[in-house]
Protein chains: 2
Amino acid sequence: MLRFSKKADYALIAMKHLALRGDQAASAREIAEQYGIPVELMAKVLQRLARRDLLVSHQGTRGGYKLSRSPRLMSVADVIQAIDGPVTVTACSTQDDQCEQYATCNVRDPLWRIKERILTALGTCTIAELASDAPEPVHPPGTQSATWHPSA
Amino acid sequence: MLRFSKKADYALIAMKHLALRGDQAASAREIAEQYGIPVELMAKVLQRLARRDLLVSHQGTRGGYKLSRSPRLMSVADVIQAIDGPVTVTACSTQDDQCEQYATCNVRDPLWRIKERILTALGTCTIAELASDAPEPVHPPGTQSATWHPSA
DNA sequence: TCGAATTCCGACCGGTATTGTCTTATTTTA
DNA sequence: TAAAATAAGACAATACCGGTCGGAATTCGA
């Protein structure tokens, strides 16, 4: 399978929506209703994105969420990781693991390399690209990634 | 998360083991015990790999499994898909889906593109590469994939 | 010819993670 | 002050996955 979680899907939908909204804030309810997503769940997703500094929240009657920075400086990888935690292809992908087969595993290193490649695939797709729904001009592989934004 | 299933991990471990074995067959029990994997589960994994024509099985007392073709002609993607079915990043990745948000989803196409990139990442890593545990010389992206083997 | 080793196949169970709901508190604006 | 919104945590429902079990069918060797 190798699926994203539904929360991650919802997060990407919301991020694209907010990117298209420009500087105008949108509430959880508004987004949720537009895409047929349970309101409370959407709210939670947005909260987590805000805590991870991908969104800026504003409480109160006319409140809502806005992107914290230009969508060109945020990648799909950023969103996924904000919601689901670090991308780990196998249990052993993180160093401090309790994988049963750690000692005898014979494919750990190659899979770790694959994980890296997946990560750069996710990292080179920006939210801006999501919003425009057009592939960016092809980077020379590994040259530039929106995941590595110089300053927060 | 974005994890492989454990069955897929076991499958890759077994494939590498068999690749290193060369032409000598290995039984499910033998592999399972060597890597600390439950025997019945390992057996199931191998059965599925055999049914998908990645392995050749031989029943009976001195039976076991062998690779069906050169490990250079099988990719990690082949193994993953044999075990877990087609790689689908989202529910909507397959055309005939019952995703709730299908009608209103705004990120379907870009995510489909990401799926393609992940698939080529998995497709360009061969079982032979797993076995040697050395990265192949970098392909020009998309040029050649072990997934597209000309003849069975 | 018999028995042991092995692949094959389906059903089933249990735990865990994920999804989704509910409730309450807090903040802000009109 | 009331309404609208975020913030946060508890909790139920459910789906999925890892693992187990039992019973065939097949093959080899003694």
For this session: Decide yes or no for B:Leu122 and B:Phe4: does some side-chain heavy atom of the first lie under 4.5 Å from some side-chain heavy atom of the second?
Result: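 A side-chain contact exists here, since the closest heavy-atom pair is under 4.5 Å.
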Exercise. Do B:Leu2 and A:Ile118 come close enough that some side-chain heavy atom pair is under 4.5 Å?
Worked result: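 Yes, at least one pair of side-chain atoms sits under 4.5 Å.
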Exercise. CG/A:Leu73 to OG1/A:Thr126 distance, rounded to the nearest 0.5 angstrom?
Worked result: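 Between A:Leu73 CG and A:Thr126 OG1, I get 9.0 Å after rounding to 0.5 Å.
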Problem set entry | Separation between OG of B:Ser75 and CD1 of B:Ile80, rounded to the nearest 0.5 Å |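 Taking OG in B:Ser75 and CD1 in B:Ile80, the distance rounds to 9.0 Å.
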For this session: Return no unless some side-chain N or O of A:Lys6 is found under 4.0 Å from OP1 or OP2 of D:dA15.
Result: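 Checking A:Lys6 against D:dA15: no side-chain N or O falls below 4.0 Å of OP1 or OP2.
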Any donor-acceptor N/O pair, [X] side chain to [Y] backbone, under 3.5 Å:
X        : Y        : result
A:Asp84  : A:Gln81  : no
B:Lys115 : B:Thr88  : no
A:Thr120 : A:Gly123 : no

Integer-rounded Å distance: [N] [atom2] and [X] [atom1]:
X       : N      : atom1 : atom2 : result
A:Arg52 : D:dA8  : CZ    : P     : 13 Å
B:Arg3  : D:dG18 : CZ    : C1'   : 14 Å
A:Arg48 : C:dT19 : CZ    : C1'   : 12 Å

Problem set entry | Smallest separation among heavy atoms of B:Ala26 and B:Leu18, with atom names |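 Here B:Ala26 and B:Leu18 meet closest at CB-CD2, 3.7 Å.
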For this session: Output the residues of residues 26-42 of chain A in contact with DNA chain C, where contact means a heavy atom of the residue under 4.0 Å from an atom of the strand; sort by number or write none.
Result: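 Here the set is A:Pro38, A:Glu40, A:Leu41.
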Exercise. Among residues 7-16 of chain A, which residues get a heavy atom nearer than 4.0 Å to DNA chain C?
Worked result: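 Result for residues 7-16 of chain A: A:Lys7, A:Tyr10, sorted by number.
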Exercise. Does any pair with a residue in residues 18-27 of chain B pass salt bridge (Lys or Arg N to Asp or Glu O under 4.0 Å), and if so which ones, sequence neighbours excluded?
Worked result: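 As it turns out, the salt bridge (Lys or Arg N to Asp or Glu O under 4.0 Å) pairs with a partner in residues 18-27 of chain B, which skip direct neighbours, are B:Arg21-B:Glu30, B:Asp23-B:Lys66.
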Exercise. So, B:Asp9 versus A:Thr90: side-chain donor-acceptor pair below 3.5 Å or not?
Worked result: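 Distance-only check fails for B:Asp9 and A:Thr90.
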Extract from the structure each pairing of a protein N or O with an N or O of nucleotides 10-13 of chain D at less than 3.5 Å, listing the distance.
{"unit_1": "D:dA10", "atom_1": "N6", "unit_2": "A:Lys44", "atom_2": "NZ", "d": "2.7"}

For this session: Check DNA chain D against residues 54-65 of chain A and give the residues with a non-hydrogen atom under 4.0 Å, in numerical order.
Result: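 Within this stretch, A:Ser57, A:His58, A:Gln59, A:Gly60, A:Thr61, A:Gly64, A:Tyr65 sit under 4.0 Å of the strand.
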Considering only distance and modelled atom types, tabulate donor-acceptor pairs under 3.5 Å from the side chains of residues 33-58 of chain B, sequence neighbours left out.
{"unit_1": "B:Tyr35", "atom_1": "OH", "unit_2": "A:Asn106", "atom_2": "ND2", "d": "3.3"}
{"unit_1": "B:Tyr35", "atom_1": "OH", "unit_2": "B:His17", "atom_2": "ND1", "d": "2.9"}
{"unit_1": "B:Arg48", "atom_1": "NH1", "unit_2": "B:Ile83", "atom_2": "O", "d": "2.7"}

